[in-house]
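First the structure, in the form of structure tokens, and then the observations on it.
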Amino acid sequence: MPPMLKDLGWSATQYSAAMIVSGLVSVLTLTFVDKVYKKFSVKPVLLASVMLFAVGYLLKTFTHSYLYYCIIMAVIGVGGAFVLYVPVR
């Protein structure tokens with residue numbers, strides 16, 4: 001169990017649910033990632049998604065609320081979807 005769960009008083013179930021939120025948002029985002037890559041070029045989209053991913057992880061360090069943590073995990077899921085799917089041309 002990560003030390004942050006003990007510090008924040010969260011259960012393993014809450015932590016797992018936040019991870020599921022991230023995964024579900026990532027899967028839902030993957031449905032239109034290809035269209036975004038086709039509309040814009042790969043380089044700016046990938047740069048923006050890496051920045052979104054990084055900002056999400058930075059914001060995780062300031063979380064004290066479970067709802068805020070779930071929202072941040074959703075942001076990380078969106079950024080992660082664009083980072084994981086890079087079209088090969």
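For the single chain, residues carry numbers from 1 onward in sequence order. If you're wondering where the values come from, they're calculated on a predicted model, not measured in any experiment.
- Summarising the geometry of T29 relative to F82, their closest heavy-atom pair is CG2-CE1, 3.6 Å, with the distance given to 0.1 Å.
- Note that the CD1 atom of I72 and the OG atom of S65 stand 9.0 Å from one another [nearest 0.5 Å].
- Note on Y68 and V55: same hydrophobic cluster, where clusters join Ile, Leu, Val, Met, Phe, Trp and Tyr whose side-chain heavy atoms are under 4.5 Å apart, directly or indirectly.
- Contact of the L59 side chain with the V75 side chain is not registered, since no non-hydrogen atoms from C-beta on lie closer than 4.5 Å.
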Would you please test K35 and F40 for side-chain contact (heavy atoms from CB on, under 4.5 Å) and show each step? CA-CA 9 Å; K35 292 176 185 172; F40 307 100; over 6 Å; no
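- For the pair Y66 and Q14, the tightest heavy-atom approach, listed with the atom from each and the gap, is OH-O, 2.7 Å.
- Nearest heavy atoms, V21 versus A74: CG1-CB, 4.2 Å.
- I76 contributes atom CD1, which lies 5.0 Å from atom NZ of K60 (distance to the nearest 0.5 angstrom).
- With sequence neighbours excluded, the residues satisfying side-chain contact (heavy atoms from CB on, under 4.5 Å) with L8 are W10, H64.
- Between S49 and V83, the shortest heavy-atom distance links the atoms OG-CG2, 3.7 Å.
- In the hydrophobic clustering of this structure, L5 groups with Y57; members are Ile, Leu, Val, Met, Phe, Trp, Tyr whose side-chain heavy atoms approach within less than 4.5 Å, directly or through other members.
- Residues I20 and M73 have side chains not in contact (no heavy-atom distance under 4.5 Å, counting atoms from C-beta outward).
- In the hydrophobic cluster analysis, where Ile, Leu, Val, Met, Phe, Trp and Tyr join through side-chain heavy atoms closer than 4.5 angstrom, L30 is grouped together with V42.
- In this structure Y85 satisfies the side chain to side chain donor-acceptor pair (under 3.5 Å) test together with D34, sequence neighbours excluded.
- A heavy-atom distance below 4.5 Å is found between the side chains of Y37 and L46.
- Across all their heavy atoms, F53 and G80 have their closest contact at CD1-N, 3.5 Å.
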Does V45 form a side-chain contact (heavy atoms from CB on, under 4.5 Å) with K39? I'd like the steps, not just the answer. CA-CA 10 Å; V45 173; K39 184 173 183 177; over 6 Å; no
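- The nearest pair of heavy atoms linking A81 to S26 is CB-O, 3.5 Å.
- Annotation for M19: atom CE counts as buried by contact number, over 12 foreign heavy atoms lying within 6.0 Å.
- Residues L52 and F32 are members of one and the same hydrophobic cluster, defined by side-chain heavy-atom contacts under 4.5 angstrom among Ile, Leu, Val, Met, Phe, Trp and Tyr.
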